[in-house]
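Below: the structure, in structure tokens.
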Amino acid sequence: MNTNYIEELNESQCAAVTYNDGPSLVIAGAGSGKTRVLTYKIAYLLEQENGYNPWNILALTFTNKAAREMKERIARQVGMERARYLWMGTFHSIFSRILRAEAQYIGFTSQFTIYDTADSKSLLRSIIKEMGLDEKTYKPGVVQARISNAKNHLVTPTGYAANKEAYEGDMAAKMPAIRDIYTRYWDRCRQAGAMDFDDLLVYTYILFRDFPEVLARYRDQFRYVLVDEYQDTNYAQHSIVLQLTKENQRVCVVGDDAQSIYSFRGADIDNILYFTKIYPNTKVFKLEQNYRSTQTIVCAANSLIEKNERQIRKAVFSEKEKGEPIGVFQAYSDVEEGDIVANKIAELRREYRYGYADFAILYRTNAQSRIFEEALRKRSIPYKIYGGLSFYQRKEIKDVIAYFRLVVNPNDEEAFKRIINYPARGIGDTTVGKIISAATDHGVSLWAALCEPLTYGLDINKGTHAKLQGFRELIESFIVDQADKNAYEMGTNIIRQSGIINDVCQDTSPENLSRKENIEELVNGINDFCALRQEEGNPNVSLTDFLSEIALLTDQDSDKADDGEKITLMTVHSAKGLEFKNVFVVGLEENLFPSGMVGDSPRALEEERRLFYVAITRAEEHCYLSFAKTRFRYGKMEFGSPSRFLRDIDVHYLQLPHEAGVSRAVDEGAGRFRASLQQHPKAQIIAPSVPRNLKKVSTVSPSNGAQATSSTSASVAGVQAGQMIEHERFGLGEVIKVEGTGDNAKATIHFKNAGDKQLLLRFARFKVVE
DNA sequence: CCGATACGCATTTTT
DNA sequence: TGCGTATCGG
């Protein structure tokens, strides 16, 4: 069933989809169907006569979510059999896959650890200490940012040391030792068999640069490369894409320069602005019809972004109704701002019968959320907050994961330091310090030093020695276990035998309870993961598999199809790519939005303006802007003035204040309300100790592995095409076909919400619905 | 090795 | 203000 591209796409979309003779740049205005173009384009490439095989296509995104959604949409068009072989994923996940396969070329093993930003900061902190540098001058965060910046520009320690500009910059910042820190950091990561997020890019670049035969292999495989959100790529990403595509020029990048808001993470808007200079034969397509917002919203956003100097000019338009003007609210205080917004939401709900999920409150900084939480809670309006700690960043989870990491890669320094004395086993900082210096003196990993204390001249007493060897034996026993245990069995084992369970179960204080629940949730997660992989036909799911899966996962990904009817509270950054019927952009004050950090940098100011542009263009039907004249910040009352951005929007599209008549509520309660703040949203989805209704997973019983849980397998035997089933994870779906028999029986199922999947019936957990 | 207290500091965060 | 880290005392 070939897609009818002309009918389902508008003219410019269609042109962008069907042009594939050379490099192309698709400038996709907000709400213009960017993802649609990308998915149709890939489908088109697959469906053409003599078209591409799925494994010939590399599609890079920035989030796992985007990759997953796109893959599902493509699967709907060309079928899962083909879609599953596409190379589609984030830069980081695709590159880590390549690096694991080619690890030996660059002196790593395929088990290398991925350090997250906390790991890398912690390593930097200890390096700074070891070097005897002043931690006030060399703040780990600042040092980390500089090193990250260097890596994003593909500057290695050698290059950095030789780089005059960098050194002068460091001198000016009174941090001449950064180049030495960088060198040590680099070596220590290698010693630990670890890469940080930036390294995944740097080493991929180096791999391709230094081993032309490897590059040739991938270049030949990836006959077409597509990149989403190109405005957010950094120099390293740009360079790798160039390595892969310079020769055959089959590359298509999609993005919107007006939505480039991640320069603080190294994104370089010049990549998109000058793409046509790098690929001189680029054909440029502009998607200018906005299908999301009313004309008023689109025009207002246009009038705003027009004030930016650096951009690719385009004329975004909407053919939806004109809509209402953008309302501007002035509040006397931050608290009143919360009241105004909450009241307006209630009013809109009454007037238009909107659901709660149709509303979003967007702010510049996370700190602003509290005021709105309070206002909404006072009125019993349900809401959910995005942001804050992700599941995998919680301390207790990181502790458990550290065990996993050390078992998979004993050289992992950060994991080692984290658990050498957790749970407490009498190995203090002094001992760890000795291990570190012995290890660095001899150029070996901490683990190596621990295993052979004599060889590396570790000066410790008998008792300590015994404790260290006890730890070694513990980890080694886990390493041995790996051979015949799957991730779930390993996980439960480790938690029990390491003493974590005891530690957590000891006291029954409320916050400890949540720690326990989190660990249970993690165990459930491992179980789910194993089950899922088994359903997909991979019987042996190792701890390594689980680790490489979660290293690059973020909270946003664990898409808990949960909480429906709630108002969304989030930063503008995290709202990118989303849309809501009604959007409130709040805190439009100087020094807040635009952020006070922009100083007098025009580039930074323009980025703030783009951020505001992103915020406004999230709205489909109604958009409101608000500011407060006073606001509590850092414990003090501050006076603010309306954001200059309010004047950037053509007044023609605005409905100006409205001295909203809510001032009665003024500052009553401006004091504190911290006591009763709602828990982190994550808490709501954490499994209660009693397993979830559909699920039948025991976190306690041993040896229950991830084998099919009993209740379902009986009904599974007689599954046939045409039946409706309900899967524990994917929900409702229709059986398309069943192939194979016995243990190999496999069903293709079309899920309403999860797309097409092929599941091994032996493991599949679902029941037939009448 | 843990707890209490002091200090400093503070955007945004796709990986 | 309120959190996370640093430091000191038991």
Side-chain angles (χ1 to χ4, degrees), chain A residues 60-68 89-96 114-118 120-122 125 129 135-136 139-142 144-145 148 151-152 195-201 228-229 231-234 236-237 259-267 362-368 370 386-390 392-393 395 421-432 550-557 570-578 587 591-599 604 607-608 610-612 614-615 631-638 670-675 677:
Chain A
L60 298 165
T61 64
F62 276 82
T63 64
N64 297 302
K65 195 169 153 221
R68 187 169 4 98
T90 63
F91 279 90
H92 291 82
S93 70
I94 295 284
F95 293 164
S96 70
I114 298 174
Y115 277 173
D116 65 17
T117 41
S120 90
K121 198 184 228 166
S122 144
R125 183 176 289 124
K129 262 191 207 156
E135 282 176 84
K136 301 261 152 52
K139 290 191 208 115
V142 175
Q144 186 180 38
S148 173
K151 287 183 177 178
N152 288 158
M195 296 193 197
D196 64 23
F197 289 141
D198 303 320
D199 286 333
L200 294 174
L201 307 178
D228 191 15
E229 307 277 22
Q231 76 281 359
D232 289 334
T233 51
N234 61 34
Q237 290 161 328
Q259 295 185 64
S260 167
I261 55 173
Y262 279 103
S263 75
F264 68 95
R265 311 219 342 144
L362 307 181
Y363 34 75
R364 178 68 243 264
T365 68
N366 285 119
Q368 290 166 259
R370 308 196 141 213
Y386 285 73
L389 271 195
S390 94
Y392 291 105
Q393 287 172 343
K395 186 191 168 298
N421 198 35
Y422 174 78
R425 47 175 73 86
I427 303 172
D429 288 347
T430 331
T431 308
V432 176
I550 62 166
L552 298 169
L553 264 194
T554 54
D555 232 29
Q556 319 270 320
D557 299 321
M570 57 168 60
T571 62
V572 182
H573 279 94
S574 27
K576 198 178 87 167
L578 305 178
N591 277 323
L592 184 59
F593 202 173
S595 158
M597 314 291 279
V598 303
E607 176 147 320
E608 293 285 313
R610 291 193 294 268
L611 190 56
F612 187 33
V614 168
R631 174 178 299 280
F632 259 82
R633 277 230 268 188
Y634 309 140
K636 284 196 285 289
M637 174 91 93
E638 280 184 5
R672 278 306 67 134
F673 38 80
R674 74 196 98 125
L677 278 180

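Predicted, not measured: the structure shown is a model, and the values here were computed from it. Side-chain atoms are counted along with the backbone in the values below, which use heavy atoms only and exclude waters and symmetry mates. So that the names make sense, note that chain A is the first sequence line, chain B the second, and so on, each numbered from 1.
- Atom NZ in Lys65(A) sits roughly 10 Å away from atom P in dT15(B) (whole-Å rounding).
- Nearest to the side chain of His92(A), among dT15(B), dT13(B), dT11(B), sits dT15(B).
- One N or O on the side chain of Glu608(A) and one on the backbone of Ser595(A) form a donor-acceptor pair closer than 3.5 Å.
- Panel note: side chain Gln144(A), backbone Thr117(A); a donor-acceptor pair is recorded below 3.5 Å.
- Side-chain atoms of Gln237(A) never come within 3.5 Å of backbone atoms of Phe91(A) as a donor-acceptor pair (strictly under, hydrogens ignored).
- Nucleic acid contact class of Ile427(A) (heavy atoms, under 4.0 Å, all strands): sugar-phosphate only.
- Closest non-hydrogen pair, Gly89(A) versus Ala67(A), comes out as CA-CB, 3.7 Å.
- If you check dC3(C), dT11(B), dT12(B) against the side chain of Arg370(A), the one that comes closest is dC3(C).
- Look at Thr571(A) and you'll find a side-chain N or O under 4.0 angstrom from OP1 or OP2 of dT13(B).
- A donor-acceptor contact under 3.5 Å is formed by the side chain of Arg265(A) with the base of dT15(B).
- Between the NZ atom of Lys136(A) and the C1' atom of dA6(B) there is a distance of 12 Å, rounded to whole Å.
- dT12(B) has its base stacked against the ring of Phe264(A), the centroids being under 5.5 angstrom apart at an interplanar angle below 30°.
- Of the candidate nucleotides dT14(B), dT11(B), dA6(C), dT14(B) has the atom lying nearest to any side-chain atom of Asp232(A).
- Computed from coordinates, the Gln231(A) CD to dT14(B) P distance equals 15 Å when rounded to whole Å.
- In this structure, Lys395(A) satisfies the cation-pi test against Tyr422(A), with its NZ or CZ atom closer than 6.0 Å to the six-membered ring centre and inside 45 degrees of the ring normal.
- Here dT15(B) presents its C1' atom at 11 Å from CZ of Phe91(A), a figure rounded to the nearest Å.
- Nucleic acid contact for Gly596(A): none, since no nucleic acid atom lies under 4.0 Å from a heavy atom of the residue.
- Tyr262(A) comes within contact range of at least one nucleobase, with a heavy-atom separation under 4.0 Å.
- For dT12(B), the OP1/OP2 oxygens have a side-chain nitrogen or oxygen of Asn366(A) closer than 4.0 Å.
- Nucleotide dT12(B) holds its P atom 21 Å from the CZ atom of Phe62(A), rounded to whole Å.
- Rounded to an integer number of Å, the gap from CZ of Arg425(A) to C1' of dC1(B) is 14 Å.
- One can place CD of Gln144(A) at 16 Å from P of dT13(B), the figure rounded to the nearest angstrom.
- Across all their heavy atoms, Pro140(A) and Arg125(A) have their closest contact at CG-NE, 3.8 Å.
- Among the protein residues, Thr365(A) comes within range of the sugar-phosphate backbone only, with heavy atoms under 4.0 Å from sugar or phosphate atoms but none that close to a base.
- Closest approach to the Glu135(A) side chain among dT12(B), dA6(C), dT14(B) is made by dA6(C) (side chain taken as heavy atoms from C-beta onward).
- Contact check, Thr61(A) against dT14(B): no side-chain N or O comes under 4.0 Å of OP1 or OP2.
- Of all nucleotides listed (dT11(B), dT14(B), dT15(B)), dT11(B) comes nearest to the side chain of Tyr634(A).
- A syn orientation is assigned to dT11(B), its glycosidic angle lying within 90° of 0.
- Mapping Asp198(A) and Ala424(A) onto DNA chain B by nearest heavy atom places Ala424(A) at the nucleotide closer to the 5' end.
- When each of Tyr363(A), Phe593(A), Phe264(A) is paired with His573(A), the ring-ring contact (aromatic ring centres under 6.0 Å, His included) condition holds for Phe264(A) and for no other.
- When distances are taken from the side chain of Asn421(A) to each of dT12(B), dT15(B), dC1(B), the shortest belongs to dC1(B).
- The side chain of Arg364(A) sits closest to dT11(B) out of dT11(B), dT13(B), dT14(B).
- Positionally, the nearest nucleotide of DNA chain B for Val598(A) lies more toward the 5' end than for the other of Ser93(A) and Val598(A).
- Side-chain proximity of Glu608(A) to dC2(B), dT11(B), dT13(B): nearest is dT11(B).
- Atom-to-atom, CG of Asn234(A) to C1' of dT15(B) comes out at 11 Å; the value is rounded to the nearest Å.
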